[in-house]
Peer 1: 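Handing you this structure, nothing more for now.
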Amino acid sequence: MSGKKDIVLIAGPTASGKSAAALALARAHGGVIINADSMQVYAELSILTARPGADDLTAAEHRLYGGVRASQPFSAALWAERAVEEIKASHARGKLAIVAGGTGLYFHVLMHGLSPVPPVPEDVRAAARRLRAELGAERFFAALAAEDAEAASRLNPNDTQRVVRAYEVAKGTGKPLSEWQKVKGTPLIDMARALAVVIEPDRAWLTRRIEARFDAMMAAGALEEVRAFAALSPQPEWPALRALGVRPLMDHLAGEVSLEEAVARAKAETRAYAKRQMTW
């Protein structure tokens with residue numbers, strides 16, 4: 001495939017049909033589908049994250065789906081390293097590499113590279129995690145704002161992983177993460193060889209699809225999946241807690257809200273997330 005487009009990037013909001021488009025392309029051109037969804041990497045959440053099913057996995061090769069335990073640290077940098085390996089492996093076999101997903105940061109890293117943030121000493125990282133546990137979300141977020149107001153302005157206080165990361169970088173390097181992120185990295189793929197496709201569906205259609213898909217997830221066993229996940233005693237820093245629908249269903253299982261209210265909240269947060277994705 002030398003000199004041709006041998007990488008396809010398929011991005012778009014949740015429930016927009018990215019997986020179906022990637023599968024159709026893979027079947028037509030003998031491609032390998034590489035996951036670019038930060039929640040679909042987790043082994044414990046196949047239903048709620050809409051991971052490809054058995055039929056899809058049989059129809060085409062899929063990579064980087066469900067191979068990470070929810071308790072394992074995982075980052076855009078680790079994903080990018082593995083994605084590049086899979087792209088190279090696909091090309092070595094003469095296969096089209098199809099990178100599909102809805103995590104904008106993952107595509108940004110592939111196309112623009114990582115900012116050169118130095119490694120943070122482990123004792124600093126451990127101290128940051130301890131402080132987060134001691135102070136709680138709001139007070140720790142205030143501590144971050146004192147160190148890196150720009151990073152804090154872009155983060156949610158309850159996004160434990162990213163908030164702790166920003167704090168530890170500021171403390172461990174002496175320079176705010178927001179400043180490091182302004183330093184350009186080196187692209188990880190040759191964009192001259194890539195075709196980028198962004199799916200932008202009609203919003204009313206997407207809303208209906210989100211509602212119907214979540215109902216289908218519930219019918220397929222999403223509540224039991226979350227019950228099993230909750231039994232693992234997930235810690236606040238586990239990124240998998242951000243998977244759409246997890247927290248509302250966990251609240252229901254804890255007796256805090258009705259199932260009807262939990263489902264309504266899950267659909268609402270999915271619609272809000274899709275809107276942010278389309279803005280990106």
Peer 1: Salt bridge between Arg51 and Asp56, side-chain N to carboxylate O under 4.0 Å?
Peer 2: no
Peer 1: Tell me which donor-acceptor pairs under 3.5 Å the side chains of residues 128-146 have, and how far apart each pair is, sequence neighbours excluded?
Peer 2:
{"from": "Arg129", "atom 1": "NH2", "to": "Glu122", "atom 2": "OE2", "distance (Å)": "3.1"}
{"from": "Arg132", "atom 1": "NH2", "to": "Thr160", "atom 2": "OG1", "distance (Å)": "3.3"}

Peer 1: Would you call Glu224 and Arg227 a salt bridge, using N to O less than 4.0 angstrom?
Peer 2: yes
Peer 1: Tell me whether Lys267 is salt-bridged to Asp215, with the criterion being a basic N under 4.0 Å from an acidic carboxylate O.
Peer 2: yes
Peer 1: Verify whether one side chain among Ser46 and Glu225 offers a donor that lies under 3.5 Å from an acceptor in the other.
Peer 2: yes
Peer 1: Indicate yes or no: does Glu211 engage Arg208 in a salt bridge with an N to O separation below 4.0 Å.
Peer 2: no
Peer 1: Less than 4.0 angstrom from a charged side-chain N to a carboxylate O is my criterion; do Arg63 and Glu61 meet it?
Peer 2: yes
Peer 1: Can you list the steps and then say if Asp159 with Arg162 is a salt bridge (Lys or Arg N to Asp or Glu O under 4.0 Å)?
Peer 2: CA-CA 6 Å; Asp159 189 345; Arg162 291 193 176 100; 3.0 Å; yes
Peer 1: Ser38: which residues meet the side chain to side chain donor-acceptor pair (under 3.5 Å) condition with it, sequence neighbours left out?
Peer 2: Thr103
Peer 1: Any side-chain heavy atom of Arg125 within less than 4.5 Å of one from Val164?
Peer 2: no
Peer 1: One pair to check against salt bridge (Lys or Arg N to Asp or Glu O under 4.0 Å): Arg247 and Glu269. What are the steps and the verdict?
Peer 2: CA-CA 10 Å; Arg247 287 189 182 275; Glu269 69 178 23; over 6 Å; no
Peer 1: Do the non-hydrogen side-chain atoms of Arg154 and Ser178 ever get within less than 4.5 Å of each other?
Peer 2: yes
